[in-house]
Peer 1: 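Have a look at this one before I ask anything.
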Number of protein chains: 2
Amino acid sequence: MTDAKQTISDRIQEKLDDLTRAERQLALSILENYPASGLGPLTTLAKGAHVSVPTVARMVQKLGYKGYSDFQADLRDELGAIAKGPIAKHETWAGAAPSEHVLNRFTEAVIDNIRNTMAHIDPVAFDEACALVADQTRHLYIVGGRITHTLAEYLFMHLQVIRPNVTHVPSTSNTWPHYLLNAEDGDVFVIFDVRRYENNTLKLAELAHARRTKIVLFTDQWRSPVHRLADISLTSQIIVPSAWDSATTTMLLLESMISAVQTLNWETTRDRMQELEDIFDKTKLFRKFT
Amino acid sequence: MTDAKQTISDRIQEKLDDLTRAERQLALSILENYPASGLGPLTTLAKGAHVSVPTVARMVQKLGYKGYSDFQADLRDELGAIAKGPIAKHETWAGAAPSEHVLNRFTEAVIDNIRNTMAHIDPVAFDEACALVADQTRHLYIVGGRITHTLAEYLFMHLQVIRPNVTHVPSTSNTWPHYLLNAEDGDVFVIFDVRRYENNTLKLAELAHARRTKIVLFTDQWRSPVHRLADISLTSQIIVPSAWDSATTTMLLLESMISAVQTLNWETTRDRMQELEDIFDKTKLFRKFT
DNA sequence: ACAATTGTGAGAAATTAATTACAGGACCAA
DNA sequence: TTGGTCCTGTAATTAATTTCTCACAATTGT
């Protein structure tokens, strides 16, 4: 037992000497276009390698598989594991805890979410969204739902420092129609809507859309119906081993956006932050150290 | 048609809007484990995505394929082309963006934070904290600060469903002394305090400590002064390339705790969640699908 | 010439894909 | 609320493909 898991490619190369001429020819053909060629029909593979069908059947059995289907299944598994990316699938994060501990299972799921989210995100759209949010000439409305209003508020708090003209609108409230009265052509709505999509949020988005405002949507992989009205949708994968969904990945996107917007507006932000510091100093709400 | 070649992944995402709910569910399932899952048998794919066989057939046709086999062949071609091309650069997270893009720099920093946090966490202490939070015989107070009150509220919302006797106390408020009147020996305070530690929060912690309550503290690597009063401190690394700190890692710890507490209280939680669902159904605040 | 290997062709068995009709839900608009 | 529309899963059936095996002939290398 050298290694817990060796790739099928390794396995083939290892057995290469035990194979006969036609079998070797087949094996090399598989390795040549690996792993795609091994995932097609048996006859195609045979034809591509210029060997006969029984040769293929014989070889996979020599490799230790029950049949070609078995071999294919293993190939698919390997492909799935590889696609997961640079970090091993079963890495233990909290080293002091067993891998079945909730900390490790949860962390693994979140890392997976992050990887998947980043793999599918369109950086151009992301940059456009940041530019919209950074544009101080547009009034900015931030809308959250039942769960997501915490994320909305997190964004709101930071943007308040970065720029003026920001309003936080809780969609689960009777008062949100009032906010729309002021919304004009060109203003920006940042809307959060994840699973258990809320009718209120959709209504609000529709009204905002009707007023020709720009809409930036934070949603999950299943996409809130709001996305049809949104100019830019940023989707996160949010599945975790829990009865609830995870907000961590969305939070990551959010903080990335805050960071980007802060950079875009740095001149303004620096002054405003300094003022804020001064006010804090005066009020003694915070401690300098310890 | 902008560029000559688009991947099937792109093609799916592009058509995502034209798909119906179940079809989208299927499409996302394919993207989730791409491209391995699409190379297996149709029935396996359908089962894995929790959709029916005809749905798969309908979707691939909407994507412009003659049938599932046709779709698979295209997938294999793409896989073959990828393998031939430049070696996959898995250094970056958002593959479509350069490694200097804020998304990649930020994500890398957050992953680093997670790794570091998990490396230093004491799982026994974590479990003890979960047990305290899960204990329904103790009244639970949740305290957040200027920034962290969003995290506090996130925890509060979930625990409200899991168990009774939970109170959210904003430390930046004139009213918090009132809450302490009711705090008794054995009650639990969950306190959030990260950089720019707040005097109010410390005062509140001192008073809570004087009343012999248990204190669970979420803080950062520099540790809030509250930690001297806390029974259990859970520290996160929160540094990111930004003018602010990151809450993502703390959020991860938080969600792990919610998941653990939910498991500990599953009997109670299940019933309460069911009731909640029923109420949602009646109020029609949420939509079932799409 | 002998032994091992390989291909041929054919056919059985198993799996898989594709289609249909229908009933139950969800959504929507009046 | 209600009727209508669209979507979806179930189940059953058929068609098609694919895997697998066999016996035997052809080929190759020794």
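Chain naming here is simple, since letters A, B, ... match the order of the sequence lines and numbering starts at 1 in each. For the numbers below, each heavy atom of this structure counts, side chains included, while hydrogens, waters and symmetry mates do not.
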Peer 1: Please confirm whether the shortest side-chain N or O distance from B/Thr43 to OP1 or OP2 of C/dT15 is below 4.0 Å.
Peer 2: no

Peer 1: Between B/Ala22 and A/Thr44, which is nearer to the 5' end of DNA chain D once each is assigned its nearest nucleotide?
Peer 2: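 Nearest nucleotide further toward 5': that of B/Ala22.
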
Peer 1: Heavy-atom contacts under 4.0 Å between residues 57-70 of chain B and DNA chain C, which residues?
Peer 2: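 Correct list: B/Gln61, B/Gly67, B/Tyr68, B/Ser69.
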
Peer 1: Report the distance from atom CZ of A/Arg24 to atom P of D/dG29, rounded to the nearest whole Å.
Peer 2: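 Distance, rounded to whole Å: 13 Å.
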
Peer 1: Round to a whole Å and report the spacing from NZ of A/Lys47 to C1' of C/dG9.
Peer 2: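 So the two atoms are 14 Å apart, to the nearest Å.
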
Peer 1: From the options D/dG9, D/dC22, C/dT6, select the nucleotide whose nearest atom is closest to the side chain of B/Ser52.
Peer 2: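 Looking only at side-chain atoms, B/Ser52 lies closest to D/dG9.
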
Peer 1: Tell me which nucleotide among D/dT8, D/dG9, D/dT19 gets nearest to the side chain of B/Val51.
Peer 2: D/dG9

Peer 1: Within 45 degrees of the ring normal and closer than 6.0 Å to the centroid, is that where the cationic atom of A/Arg11 sits relative to A/Tyr65?
Peer 2: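 Because its charged atom sits under 6.0 Å from the ring centre and within 45° of the axis, A/Arg11 does stack over A/Tyr65.
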
Peer 1: Answer yes or no for B/Arg24 and A/Trp222: cation-pi contact, defined as NZ/CZ to six-membered ring centre under 6.0 Å and angle to ring axis within 45°.
Peer 2: no

Peer 1: Measure the distance from CD on B/Gln72 to C1' on D/dT18 and round it to the nearest whole Å.
Peer 2: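 One finds 12 Å between C1' of D/dT18 and CD of B/Gln72, rounded.
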
Peer 1: Could you check how far CD of B/Gln25 sits from P of D/dG9, rounded to whole Å?
Peer 2: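 After rounding, the gap between these two atoms is 7 Å.
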
Peer 1: Nearest 0.5 Å, please: how far is CG in B/Leu45 from CG in B/Leu39?
Peer 2: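 B/Leu39 CG to B/Leu45 CG: 10.0 Å, rounded to 0.5 Å.
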
Peer 1: Give, for atom CG of A/Leu202 and atom CG of A/Asn199, the distance between the pair rounded to the nearest 0.5 Å.
Peer 2: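 The distance works out to 6.5 Å.
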
Peer 1: Write down the distance between CG (B/Leu45) and C1' (C/dT15), rounded to a whole number of angstrom.
Peer 2: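 Taking CG of B/Leu45 and C1' of C/dT15, I get 16 Å after rounding.
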
Peer 1: Write down the distance between CD (A/Glu23) and C1' (C/dT6), rounded to a whole number of angstrom.
Peer 2: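 Taking CD of A/Glu23 and C1' of C/dT6, I get 10 Å after rounding.
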
Peer 1: Which of these nucleotides, C/dT6, D/dC20, C/dA17, is closest to any side-chain atom of A/Val53?
Peer 2: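 Nearest listed nucleotide: D/dC20.
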
Peer 1: If you define the side chain from C-beta out and look only at heavy atoms, does anything of A/Val169 sit under 4.5 Å from A/Leu204?
Peer 2: yes

Peer 1: Quick one: does B/Gln262's side chain get under 4.5 Å of A/Trp244's, heavy atoms only?
Peer 2: yes

Peer 1: Over how many whole Å does the gap from A/Arg21 atom CZ to D/dA26 atom C1' extend?
Peer 2: 13 Å

Peer 1: Measure from NE2 on B/His50 to P on D/dT10 and round the result to the nearest Å.
Peer 2: 12 Å

Peer 1: Considering only side-chain heavy atoms of A/Leu42, which listed nucleotide, D/dT19, D/dT8, C/dA17, is closest?
Peer 2: D/dT19

Peer 1: Taking atom NZ of A/Lys62 as the centre, report whether more than 12 heavy atoms of other residues, nucleotides or ligands fall under 6.0 Å from it.
Peer 2: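 Yes - once you tally the heavy atoms of other residues, nucleotides and ligands closer than 6.0 Å, there are more than 12.
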
